[in-house]
J.: 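Dropping the structure in here first, questions after.
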2 protein chains.
Amino acid sequence: MSSAHRRDAAATRAAILRAGVEAFTRYGFDGVGVREIAQAAGVSAMLVNRYFGSKEGLFAEVAEVSMTDRTVLGDDPATLARDIAAALVRRTSPAADNLSPFLLMLRSAANPRAAEILRENIERHVEAHVYEVAPDTRGTDRAAVVLAVIAGFWLLRKVIGSSALNGTDEKTLETTLRQLFETLIPSATTG
Amino acid sequence: MSSAHRRDAAATRAAILRAGVEAFTRYGFDGVGVREIAQAAGVSAMLVNRYFGSKEGLFAEVAEVSMTDRTVLGDDPATLARDIAAALVRRTSPAADNLSPFLLMLRSAANPRAAEILRENIERHVEAHVYEVAPDTRGTDRAAVVLAVIAGFWLLRKVIGSSALNGTDEKTLETTLRQLFETLIPSATTG
DNA sequence: TCCACAAGTCTACAGTCGTATACTTCGTTC
DNA sequence: GAACGAAGTATACGACTGTAGACTTGTGGA
C-alpha cells in the first residue's frame, strides 16, 4: 500500500460506477455502450460484467446511487416549495451541466427494463424523501405529482432545449414554479 | 383502379408513416429499427429510405404529424384547465393505450438528433396551439410550463409506471392537476 | 523465492443496426 | 403489344452491440 494502488478491486469498481453514472445520465441506457463506459473508467470492457454482472446490473446500481443523492430537495418543510423552485431553475440553467437523477430517468426511461429499475428506485428513495420532508403529502398523489412537475421541467428545458424556457427571465420562471409547488405542498407557506 | 391498389406509392408512403408513428411512439427513436417499421407497414425495409431519405427523415415527418394532432387540448379557453386535467387523466389511464405525441417525445428525447427535431415541432405546433387557445400565456413562460407538467405526468404515470399515480383515485388526480393548470392559465376559471 | 489466486485483458461470436447498390416486377402509355 | 419508367425487393457491407471463454499479469503470503 506504499505506492499508488494499481490493482485495487474496490477502487476499480467505484471508478466504473462513477463512469456509469456520468455516461447513463448524459446519454441514457441505450445511448452508451459498455466499451465506452469502461474506457472512461480506464479499464477493459469486460470488467463491467465482472463487477456488475451485466450492463443492466451496472445500470441498477447507478440508479440506486443516483436516486439516493439528497441534494435535489431542501430539508426545511416551511420553505420547501421555494427551495425546490430555486434549485430547479438553477440546476437547469443553460450554463449548468450536472448529473441530476432526473436526467438519468428522462434519458433512460424509453427502455422498458431501465424504466422498471427506475420506477423501483424512485418509489423507494425519491418519493420516500418527499414524504419525509413534506409529511402531509403522504397517502396522496401529491408527492408523485411534485416529481412529475420537476421531471417535466427538466425535460423541456434541458433535454428538449425549449427556447421558451431558456429565453425567459429566470426570476419569472422561479415565480411560476414556486406557485405550482405551493399548490402541491400545503405546508409550504408563501413567505 | 377497379381492384385494390397493389402498387400505390401514396398509399405505401402513408402506411409507412402510420407504422412509424406507432413504432416511434411505443418504443422511441432508438428502440425500433427500420426493418421492424417496414414489416409493420407490410413492405421491404428499403422503402423507408426511398420515401423518407433515412430513419431520421421518417422520424421528422412522424414528429410533424404527431405534433399537429389537436386532440391534446380543448378549445374552450374558459374551461381549458379543467379540460386538460380531465383529458390527461383519462388518456394516461392504465387501460388506455394511445399514441400521444407526449409519449413520442418522452421515448425519443434521449437521442440528441431526435430531441432537436422534437423541439422544433413542439415550438412550431404545440406551443403555438397553447397560445392560440390561451392567449394570455403568450410572451410568458406559462405555455411551456403547461407542456412540462403534462409531459412529466405522462412520464411518471405511463412510461415509468409510478404506482402512486396508478393507484390513486382518478378523481383526486384530476383535482390536483386542475389546480395546477388553473394556476398556470389565468383565464381558466374554477367553474 | 515462488506459488496460488485475484485482477485484468484479448479475442471472438452471434446478432442487429442503417443504408448503398443492384436487381426484379408491375402498370401505363404509345 | 412492347418498352419505358416507377414501385418494390434482395443482398450485402461495415460498423457496432453485449457478453462468454480463454488468456495474461500482478501481488500478497508462506
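Order of the sequence lines fixes the chain letters, A, B, ..., with proteins taken first and strands second; residue numbering starts at 1 for each chain.
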J.: What is the separation between atom CD on A/Glu36 and atom C1' on D/dA15, rounded to the nearest whole Å?
T.: 15 Å
J.: Return the value, rounded to whole Å, for the distance between atom CZ of B/Arg50 and atom C1' of C/dA20.
T.: 12 Å
J.: What I want to check is whether the side chains of A/Glu123 and B/Ser163 have a donor and an acceptor closer together than 3.5 Å.
T.: yes
J.: Tell me the interatomic distance from A/Arg13, atom CZ, to C/dA7, atom P, rounded to whole angstroms.
T.: 12 Å
J.: Of all the nucleotides listed (D/dT9, D/dT27, C/dG18), which has the minimum atom distance to the side chain of B/Val34?
T.: C/dG18
J.: On DNA chain D, check which nucleotide each of B/Met46 and A/Lys55 is closest to and give me the residue with the more 5' one.
T.: B/Met46
J.: Give the rounded distance in Å between these two atoms: CZ of A/Arg7 and P of C/dA7.
T.: 8 Å
J.: What does A/Phe52 touch in the nucleic acid at a heavy-atom separation under 4.0 angstrom: a base, only the sugar-phosphate, or nothing?
T.: nothing
J.: Within a reach of under 6.0 Å around OH of A/Tyr131, are more than 12 heavy atoms found that belong to other residues, nucleotides or ligands?
T.: yes
J.: Whole angstrom is fine here: how far is it from CG in A/Leu47 over to P in C/dA7?
T.: 10 Å
J.: Below the 4.0 Å mark, does D/dG8 have OP1 or OP2 next to a side-chain nitrogen or oxygen of B/Tyr51?
T.: yes
J.: Ignoring backbone atoms, test whether A/Thr12 places a side-chain nitrogen or oxygen under 4.0 Å from the OP1 or OP2 oxygen of C/dG8.
T.: yes
J.: Please determine, for the side chain of A/Ala9, which listed nucleotide (C/dT19, D/dA7, C/dA7) has the closest atom?
T.: C/dA7
J.: Heavy atoms under 4.0 Å, any strand shown: does A/Val48 hit a base, just sugar-phosphate, or nothing?
T.: nothing
J.: A/Arg119 side chain to B/Ser162 main-chain N or O, any donor-acceptor pair under 3.5 Å?
T.: no
J.: Looking only at side-chain N and O atoms, does B/Arg157 offer a donor or acceptor that is under 3.5 Å from a partner on B/Thr92?
T.: yes
J.: Is a salt bridge present between A/Arg26 and A/Asp97, judged by a nitrogen-to-oxygen distance below 4.0 Å?
T.: yes
J.: To the nearest Å, give me how far apart CD (A/Gln39) and P (C/dT9) are.
T.: 12 Å
J.: The side chain of A/Arg35 is closest to which nucleotide in this list: D/dG26, D/dT9, D/dT19?
T.: D/dT19
